[in-house]
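Before any comments, here is the structure.
All residue numbers in this chain count up from 1 along the given sequence.
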Amino acid sequence: QVQLVESGGGLVQAGGSLRLSCVLSGGAFRRYSVGWFRQAPGKEREFVAGDKYNDRSTRYADSVKGRFTISRDNAKNTAYLQMRSLKPEDTAVYYCAADSGLISSTVGLASAYDYWGQGTQVTVSS
């Protein structure tokens, strides 16, 4: 059974940086596309960034373009989300998700992912 475990969240001041990690176990990581999503209190879960395993294409939400970078290390079964120039509106629980069957049009859809981590809290103070 595939499992995902996120880490790296915390409290940071506006303008600061954090790097989230997501470790996949129970599957061949190199064959899974990875997405990062976030959910703020009272809001719906939203797409942040995605990385398709087969063509290594990446996609970002407009709100994080130029500030966040998704990457992966297949040897470590780990995906990363490097977050820079953080803003208070980035405060949310961040989730990583994985799926082996994504196509380009579904990278940003939460419903397209079969596996999810438990989430890690990111709080950005002003």
Donor-acceptor pairs under 3.5 angstrom involving side-chain atoms of residues 7-34: please list them, not counting sequence neighbours.
residue: Ser33; atom: OG; partner: Tyr53; partner atom: N; Å: 3.1

* If you group Ile, Leu, Val, Met, Phe, Trp and Tyr whenever their side-chain heavy atoms sit less than 4.5 Å apart, what else falls in with Val93? -> Phe37, Phe47, Tyr95, Leu102, Val107, Tyr113, Trp116
* Asked: How many angstroms lie between CD in Glu6 and CD in Gln121, if you round to the nearest 0.5 Å?
  -> 12.0 Å
* **Least distance between heavy atoms, Lys43 atom then Gln39 atom** => O-NE2, 3.1 Å
* Asked: When you look at CD of Gln3, are more than 12 heavy atoms from neighbouring residues, nucleotides or ligands closer to it than 6.0 Å?
  -> no
* Hey, what do you get for OG1 (Thr58) to CG (Asp51), rounding to the nearest 0.5 Å? -> 6.5 Å
* Can a salt bridge be assigned to the pair Asp90 and Arg67 using a cut-off of 4.0 Å between side-chain N and carboxylate O? -> yes
* To do: Could you walk me through whether Tyr60 and Val48 pass the side-chain contact (heavy atoms from CB on, under 4.5 Å) test, one step at a time?
  => CA-CA 6 Å; Tyr60 297 91; Val48 175; over 6 Å; no
* **Spacing of Met83 atom CE and Trp36 atom CH2 [to the nearest 0.5 Å]** => 8.0 Å
* Structure fact -> The reported gap from CD in Gln1 to OH in Tyr115 (rounded to nearest 0.5 angstrom) is 5.5 Å
* Asked: If you look at every heavy atom in Gln118 and Val5, which pair is closest and at what distance?
  -> OE1-CA, 3.7 Å
* Interatomic distance, Tyr80 atom OH to Cys96 atom SG [nearest 0.5 angstrom] -> 12.0 Å
* List for me each residue that meets salt bridge (Lys or Arg N to Asp or Glu O under 4.0 Å) alongside Asp99, sequence neighbours excluded, and say none if there are none. => none
* Structure fact -> Joining Ile, Leu, Val, Met, Phe, Trp and Tyr whenever any side-chain heavy atoms lie under 4.5 Å apart, the cluster holding Leu109 also takes in none
* Asked: For Ser104, does its backbone N or O pair with a side-chain atom of Arg59 as donor and acceptor, under 3.5 Å?
  -> yes
* Structure fact -> Rounded to the nearest 0.5 Å, the CD atom of Glu46 sits from the CZ atom of Arg38 at a distance of 4.5 Å
* Structure fact -> Sequence neighbours excluded, the answer for side chain to side chain donor-acceptor pair (under 3.5 Å) partners of Asp62 is Lys65
* **Any donor-acceptor pair under 3.5 Å from Thr91 side chain to Val124 backbone** => yes
* Structure fact -> For Glu89, the salt bridge (Lys or Arg N to Asp or Glu O under 4.0 Å) test, sequence neighbours excluded, returns none
